[in-house]
Amino acid sequence: MCLAVPAEIVEINNGVATCRVGEGSSTVNASLLVLDEEAGIGDYVIIHAGFAIRKLDPLEAQESLQILRELVEAAEEAGINIDH
Amino acid sequence: MSLKLLDEFRNPELCKGLLDKLHSLVDREFRFMEVCGTHTVAIFQSGLRSLLPEQVVHLSGPGCPVCVTHESEVNAFIDLAERDDVIVASFGDLMRVPGSRGRSLKKAQADGAAVEVVYSPPDALKLAAANPGKTVVFLGVGFETTAPTVAGTLLMAREQGLKNFKVLSFHKLVPPALVALMTDPGVRIDAFLMPGHVSAIIGVEPYKVVAERFGKSSAVTGFEPADILGALVFLAEHWKSGQPAAANLYPRVVRDEGNAKARAVMDQVFETTDALWRGLGMIPRSGLELRSEFEPFDAKKAFDLEIVESPALPGCRCGDVLKGKLRPDQCPLFKKACTPASPVGPCMVSTEGSCAAYFKYSMD
């Protein structure tokens, strides 16, 4: 139920953002009322029940991926490779 | 930026590497619980569950708001829906949940009650504006992710001067339920996956108690396979080393301190109260009710609703499933009297319920 999806802001009117979902042309409206950071056109926000609850941070996404990859590399170097 | 970056969290090689690492770490039974219906579905749907090491036991906790909505709360929803002067607006998830009298909102709707499914709380405001002769009651269920959106909607209603809009709040809070779970002597859990979007609001701080008081690690994480596997590796490492920790492994969406503005909106409208959880019973200060300042919008006050604790549904073991004491297939009703087409308990009703996910995805 706490499902939330990232969507790109294409327009902002009166504290309500029109956001593009996925690569298609469908849009959804999201209130910016509870967002505690500045959001503008082109930003991705996480939307839950008609409200943007956080801006998606692409740098953090990169960094998380990097950490996961390094974890796997370290494990491979240590000789961990199991057939499931 | 494009969202293609996020596809990398589904990269098969990355996931295989993480899975190998997890295999290398777990040498005895390791019981982890997720507390989020979206995690339940993600773990089943991605096929991860079938790939996990045999000794890794996946438990679905009280993380589906629909599943923990108490029978007596559902009775109150139905009582309201059956009034001629009321239109009930609800998230679709609640429609089929049975109350203690075996009735659901769906059945009440079929019998003529005015029940409208909305996708967001502000849609219920439009409904109120379009129906000035009726009172529109929004059924407020959900955790800390949803409560700020309902609070925000109430602020909009007040600004718009909508007098025929009310909220029946049965919102619940995740951290008190975790404490209630951990203090139950029959519960065996080694570590927790914490809900990604609840944590976007509350941050990581509330989970520290799980490590400090109960010695169990927790990781906030996202919903892609690499998110979940990375979190399990982290949890297994800390479980093995005996050093409990609370980590935020979903920083692209969750800041350690959460979303202060959302919490402020929630606090402006709601205050904590004792709440009934299906299967878990009464948990002190685990629910949200409207502050007295918002009394004109409070459906409980407007309709003088008294929530009477009703007995559990006969034979239904949802409570034990939610505590991780019983696997869905160990319930005597599972796949027999209780199926998604004809559910007895809420864990089978919600698509995010552990029984429904087990029914749909489990081959055994």
Side-chain angles (χ1 to χ4, degrees), chain A residues 1-9 14-16 20-23 28-38 42-84, chain B residues 1 3 5-6 8-9 13-14 17-21 23-24 36-38 51 63-66 91 93 119-123 141-143 145-146 148-153 155-156 195-198 200-201 222 226-227 229-230 233 249-255 259-262 265-266 350 352:
Chain A
M1 185 171 171
C2 295
L3 193 68
V5 292
E8 184 185 4
I9 299 180
N14 241 343
V16 176
R20 192 169 73 110
V21 184
E23 302 294 317
V28 64
N29 284 344
S31 165
L32 303 176
L33 182 74
V34 303
L35 196 67
D36 64 349
E37 52 202 334
E38 283 295 315
D43 283 336
Y44 281 81
V45 282
I46 306 292
I47 302 172
H48 170 73
F51 287 77
I53 57 169
R54 171 82 208 271
K55 237 161 72 172
L56 183 72
D57 189 332
L59 290 177
E60 290 284 9
Q62 292 273 24
E63 205 165 303
S64 294
L65 278 171
Q66 193 53 35
I67 291 168
L68 291 171
R69 285 181 189 131
E70 283 169 12
L71 190 70
V72 168
E73 276 164 26
E76 277 167 2
E77 275 166 29
I80 294 166
N81 195 358
I82 298 161
D83 276 329
H84 305 297
Chain B
M1 183 203 138
L3 286 180
L5 170 68
L6 301 185
E8 280 304 300
F9 287 92
E13 266 175 53
L14 179 63
L18 291 168
L19 206 48
D20 286 343
K21 173 85 183 167
H23 271 270
S24 76
C36 173
T38 317
L51 296 172
C64 152
V66 169
F91 290 126
D93 315 40
Y119 290 104
S120 72
D123 286 348
V141 295
F143 297 138
T145 326
T146 313
T149 71
V150 175
T153 304
L155 295 180
M156 292 175 190
H197 298 134
V198 163
I201 308 297
D227 286 321
L229 287 168
V233 167
L249 305 180
Y250 194 30
R252 65 183 186 273
V253 170
V254 174
R255 272 195 312 261
N259 178 338
K261 190 167 173 192
V265 170
M266 187 163 70
S350 169
E352 293 187 345

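These values consider heavy atoms only, across backbone and side chains, with no hydrogens, waters or symmetry-generated copies. What you see is a predicted model, and the numbers here were worked out from it, not measured in a lab. Lettering of chains follows the sequences in order, A, B, ..., and the numbering in each one begins at 1.
Both the backbone and the side chain of Phe9(B) come within contact range of chain A, judged by heavy atoms closer than 4.5 Å. Looking at Ile201(B), the atoms closer than 4.5 Å to chain A (heavy atoms on both sides) all sit in the side chain, from C-beta outward. Of the atoms belonging to Met266(B), not a single heavy atom falls under 4.5 Å from chain A. For chain A, the nearby parts of Thr153(B) are the backbone and the side chain; heavy atoms of each come within less than 4.5 Å. For chain A, the nearby part of Glu352(B) is the side chain; its heavy atoms alone come within less than 4.5 Å. Heavy atoms closer than 4.5 Å to chain B are found nowhere in Glu63(A), neither backbone nor side chain. For Phe91(B), the part lying under 4.5 angstrom from a heavy atom of chain A is the side chain only. Residue Val150(B): no heavy atom, backbone or side chain, is found under 4.5 Å from chain A. Contacts between Leu65(A) and chain B at a heavy-atom distance below 4.5 Å involve backbone atoms as well as side-chain atoms. Residue Pro121(B) touches chain A through both its backbone and its side chain, counting heavy-atom pairs closer than 4.5 Å.
Using a 3.5 Å distance cut-off with no hydrogens or angles, the side chains of Gln66(A) and Gln62(A) do not pair a donor with an acceptor.
Counting heavy atoms from C-beta on, the side chains of Leu19(B) and Leu229(B) come closer than 4.5 Å. At least one side-chain heavy atom of Val253(B) sits under 4.5 Å from a side-chain heavy atom of Leu56(A). Between Pro122(B) and Phe51(A), the closest side-chain pair of non-hydrogen atoms falls below 4.5 Å. Here the side chains of Arg255(B) and Asp36(A) are in contact, with some heavy-atom distance below 4.5 Å.
His48(A) places a side-chain N or O within donor-acceptor distance of the main-chain N or O of Leu3(A), the cut-off being under 3.5 Å. With hydrogens and angles disregarded, no donor-acceptor distance shorter than 3.5 Å links the side chain of Lys21(B) to the backbone of Val72(A).
Chain B forms more heavy-atom pairs under 4.5 Å with one residue of Ile67(A), Ile53(A), Asp43(A) than with any other, namely Ile53(A). Highest contact tally toward chain A, considering only Leu249(B), Val198(B), Thr149(B), Thr38(B), is held by Thr149(B) [criterion: heavy-atom pairs under 4.5 Å]. Of all the listed residues (Ser350(B), Cys64(B), Gly230(B), Pro251(B)), the one sharing the greatest number of non-hydrogen pairs under 4.5 Å with chain A is Pro251(B). Contact tally against chain A (heavy-atom pairs below 4.5 Å) for Ala151(B), Gly37(B), Gly152(B): the top residue is Gly152(B). For the options Val34(A), Leu59(A), Leu35(A), Asn29(A), heavy-atom pairs under 4.5 Å to chain B are most numerous at Val34(A). Chain B forms more heavy-atom pairs under 4.5 Å with one residue of Ala61(A), Gly50(A), Pro6(A) than with any other, namely Ala61(A). Of the listed residues (Val265(B), Asp93(B), Leu18(B)), the greatest number of heavy-atom pairs within a distance under 4.5 Å of chain A belongs to Leu18(B).
Rounding to the nearest 0.5 Å places CZ of Arg69(A) at 12.5 Å from CD of Glu76(A). Considering CG of Leu6(B) and CG of Asp227(B), their distance stands at 9.0 Å, rounded to 0.5 Å. The CG atom of Leu32(A) lies 11.0 Å from the NZ atom of Lys55(A); values are rounded to the nearest 0.5 Å.
A salt bridge does not link Glu37(A) to Lys261(B): none of the charged side-chain nitrogens sits closer than 4.0 Å to a carboxylate oxygen.
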